[in-house]
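Starting from 1, each residue takes its place in the sequence as its number. Predicted, not measured: the structure shown is a model, and the values here were computed from it. Numbering of ligands and ligand atoms starts at 1, following listing order.
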Amino acid sequence: MKHTLIEQAQQVLRRNDRGTYTVPTHGLYPFQWNWDSALSALGFAHFDEARAWTEIDTLFAHQWEDGMVPHIIFHERDEGYFPGPDVWATGRTVPTSGITQPPVAGFAVRRMFEAAIDKNLATERAKALLPRIHAWHKWFSRSRDPQGSGLVAILHPWESGRDNSVDWDVALARVPTEGVEPFTRLDTHHANPAHRPTQSQYERYIWLVQNFRSLGWDSTRLHDASPFRVVDPGFNAILIRSCADLAELADQLDEPEIARQSREFAARGIAAMERLWSDVHGQYLCLDRTTGELIDSPSIGGLLAVFAAVPADKAAAIARRIDRLGDVAKFLVPSHDPSAAEFDALRYWRGPVWLIVNYMIADGLRHAGQHATVERIVGDSVQLIKRSGFAEYYSPVTAEPCGGVHFTWTAAMVLEFLAQPGAMA
Ligand code: DGY
């Protein structure tokens with residue numbers, strides 16, 4: 001069974017391979033997405049190291065001059081996706097979106113470098129990527145943390161990757177809808193509308209895009225101008241972890257200045273995360289930077305915080321919380337607390353399980369020594385695949401597959417999970 005799953009996962013990666021980049025899935029997402037790509041490279045690394053490095057190289061070939069790495073690269077025309085390059089209008093030769101996504105590349109590149117069989121290739125590719133990833137991290141610090149708080153804000157729900165999380169409801173309600181140019185959604189032609197964000201959320205997503213476009217995509221202006229500015233513990237944990245991993249990689253590649261600066265970013269971030277802790281929920285929460293208030297929404301973002309090296313007592317509390325969630329939902333880890341009123345088992349990030357987040361949470365908990373919870377998360381992840389295939393996401397209650405099918409990063413995570421000792425007989 002393990003062997004079959006590995007073969008199937010490799011087939012999904014091959015099927016979505018467009019030569020130098022992969023699409024997350026045919027139809028629904030026909031271009032290159034930022035964090036999808038970096039996490040998918042981890043899957044390729046199990047059977048084609050050169051192809052894995054190319055995935056990340058292609059992503060960084062489209063980095064902006066200011067250091068930002070866009071969330072979508074529109075390599076080819078495809079009329080089946082909205083909002084396409086004309087809506088973004090970022091003026092790039094190869095069109096891209098104008099916002100970013102969770103910066104997992106630093107983590108992925110260190111992992112690929114250390115696991116590489118072809119050390120020469122890995123050294124050459126990692127050395128070239130190192131300053132580029134560092135430039136992205138510095139861009140975050142300048143453009144998304146202008147007050148130097150140690151934590152960065154996302155300016156659009158799409159930047160978090162958790163598009164319609166309950167976390168954004170209040171802040172997104174402040175985004176107006178007047179002046180939104182008429183549009184037709186296409187995502188609902190490819191996936192069940194009941195699994196996708198609502199029309200009212202889409203109108204606000206597009207208002208933000210139009211607003212940033214009217215500012216010429218100038219990232220020195222976007223932060224203060226955006227009505228949506230949220231500090232997400234999950235997003236920040238990914239950035240902190242990537243900075244810490246980049247520091248380790250820089251040590252190994254003899255780049256002491258990148259190592260020093262990256263360590264400093266990570267240390268400041270970890271210290272600042274404590275402002276987001278909630279004793280009531282036993283997890284971290286988002287902070288609304290517009291109001292200065294914590295957002296009372298117990299979502300998976302605050303559990304993903306454990307991907308960074310948070311204090312041991314916080315990691316233990318998160319493990320306990322995940323165990324409790326597992327007693328309510330059947331499959332870990334639901335993207336929102338099943339006992340909360342807003343929980344929706346099938347709707348994108350308002351309840352369903354996502355294997356990429358399971359993977360990062362499990363990795364963080366393993367570092368924190370929380371092995372029993374790790375086993376439970378890995379076991380549930382493998383069960384979901386066995387029952388429901390390589391879906392985009394799954395109901396935590398019934399394992400129903402949701403969203404797109406033949407999903408690249410789901411397949412990549414399966415290869416990562418199954419490579420762990422004792423993951424499955
Ligand atoms: C989408 O189109 O659903 C994406 O999440 C935006 O990046």
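The pair R142-D66 does not meet the salt-bridge criterion, since no charged nitrogen lies less than 4.0 angstrom from a carboxylate oxygen. Using a 4.0 Å cut-off between charged nitrogen and carboxylate oxygen, E55 and R51 count as a salt-bridge pair. The existence of a salt bridge linking R125 and E49 is excluded, since no basic side-chain nitrogen approaches an acidic carboxylate oxygen closer than 4.0 Å.
Closer than 4.0 angstrom to ligand 1 sit non-hydrogen atoms from Y29, W33, H71, Y81, W158, D163, R196, Y202, Y348.
Classified by interplanar angle (parallel below 30°, tilted 30° to 60°, perpendicular above 60°), the ring pair Y359/F417 is perpendicular. Relative orientation of the H156 and Y205 rings is tilted, given thresholds of 30° and 60° on the angle between their planes.
Here the side chain of D187 pairs no donor or acceptor atom with the backbone of F82 at under 3.5 angstrom.
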